[in-house]
2 protein chains.
Amino acid sequence: MKPIKNNRGGVRLGAGRRPGSGLYGEETKVMRVPRSSVSNIKKYLNLSRLNNIDNISLARDEITYNPLVLFEHKVPAGFPSPADDHVEKRLDLNEYLIKKSDATFFVKIKGDSMIDASINDGDIVIIDRSIQAKIGDIVLASVDGNFTIKTLSKHKLKPRLLPANEKYKPIEIDDNTQFELWGVVTGAVRKFK
Amino acid sequence: MKPIKNNRGGVRLGAGRRPGSGLYGEETKVMRVPRSSVSNIKKYLNLSRLNNIDNISLARDEITYNPLVLFEHKVPAGFPSPADDHVEKRLDLNEYLIKKSDATFFVKIKGDSMIDASINDGDIVIIDRSIQAKIGDIVLASVDGNFTIKTLSKHKLKPRLLPANEKYKPIEIDDNTQFELWGVVTGAVRKFK
DNA sequence: CATTTGAATATTGTAACATTAATCAAATAT
DNA sequence: ATATTTGATTAATGTTACAATATTCAAATG
């Protein structure tokens, strides 16, 4: 009888599967959820995993109000100092970009798949889900598992998504297409420094 | 010693807690989810439970709102906040985009000269005067009395302003040119609606 | 007759488990 | 000598098990 050799393997540094090598690249946790929500949660996890959403954050409960001087670009000579009290036009970014903070959330964009809407890697888009999407709005939607920001259109009573760039073709939504509207994109911010 | 009487209860029809008497009024299931999604999922479950929201559908366009978008809503006050290990990210646009509000002002962009830097007509850029401009920075400058936003460059020891659009030519700064740096563009915001 | 008590039963969060997947060096094949 | 196979090792993943809690109801108690 041949002896079974099993001196392969053994305790070795770095052996075995690597932490974070799972589906989500991070630690997981079990949680109890109602049965009817399981499929929605799975869909959400799939979408956020597969696509270019970096993270989703909410508006802070207590939003700051910090209006600063705004110049139109046609500023004439005699450019007034921002410290000048005579400058009448002031702007607050929260006020300017957020209408309903309860219904607003932010999505940090990963990758360049939304570049056709002038939205680049690292940008944060502002999404209001309290707005009923109308034809012509820029919307955040998922189409067959891919997040995209496109202009909502309609064709033969079916939704159609128009890119803001002629390089890309419109996306027709038929009955075989997974399609969900996540909200209306009301703005975008970018940080250079 | 007193004998313990335990002839209370017993097998009785209808005894005990009722099925469906739980938080969600339906059967539950455990599922494994990434740790960073736990708080969002909890929030979503709380809200769909409290608001009795299923899928909101716009029959006309056959568009379905995914109920998970609801997690941008605030958790109602008084609702027991589970002690999450996960620190939830909340965003304040003023804090995110403005470092020194004393030295910051906004300029609304007209024209398409910065379109390659994804700064479009109508965008508002955020300018910090306290930052020392470096080569490569996008800056607000005045050249011969005209304000312009360009990328700062250098050519033969002289500053040069590069537009981010091939249609436009670089602006060379010589000794006869009035030139003043007003600040560094640290961010940009755009409003779609 | 109202209140208390405790067995019965479901919910709920978490631990435990079995299965699958990934990793790497020794063993084997070419 | 180099490539492939093998199997121990370790983590991920889905499910079950379990303990603690909550609810219900009739018997016991006052």
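These numbers come from a predicted model, not from an experiment.
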key: Worked check of side chain to side chain contact (heavy atoms under 4.5 Å, CB included) between A:K193 and B:K134   = CA-CA 11 Å; A:K193 296 205 79 155; B:K134 290 192 289 288; 3.4 Å; yes
request  = Could you walk me through whether A:N120 and B:S118 pass side chain to side chain donor-acceptor pair (under 3.5 Å), step by step?
outcome  = CA-CA 8 Å; A:N120 300 312; B:S118 281; 2.7 Å; yes
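The CD atom of B:E27 sits 8 Å away from the P atom of C:dT11 (whole-angstrom rounding). Between the NZ atom of B:K42 and the P atom of C:dT12 there is a distance of 13 Å, given to the nearest Å. For B:M31 and D:dT15, the CE to P distance is 10 Å, given to the nearest whole Å. The CZ atom of B:R32 sits 14 Å away from the P atom of C:dC17 (whole-angstrom rounding). One atom, OH of A:Y24, and another, C1' of D:dT13, lie 9 Å apart when rounded to the nearest Å. Rounded to whole Å, atom P of D:dG14 lies 13 Å from atom CD1 of A:I41. Here the P atom of nucleotide C:dT11 and the CG atom of B:L23 are 12 Å apart, to the nearest Å.
A salt bridge is absent between A:D123 and A:K191; no separation between the charged side-chain nitrogens and carboxylate oxygens falls under 4.0 Å.
With sequence neighbours excluded, no residue forms a salt bridge (charged side-chain N to carboxylate O under 4.0 Å, His left out) with B:K99.
Side-chain N/O atoms of A:R18 include none lying less than 4.0 angstrom from OP1 or OP2 on C:dA21. Neither OP1 nor OP2 of D:dC25 sits under 4.0 Å from any side-chain N or O of B:R17.
Both B:K29 and B:S21 lie near DNA chain D, and the one whose nearest nucleotide falls closer to the 5' end is B:K29.
The side chain of B:P19 sits closest to C:dT11 out of C:dT12, D:dG14, C:dT11.
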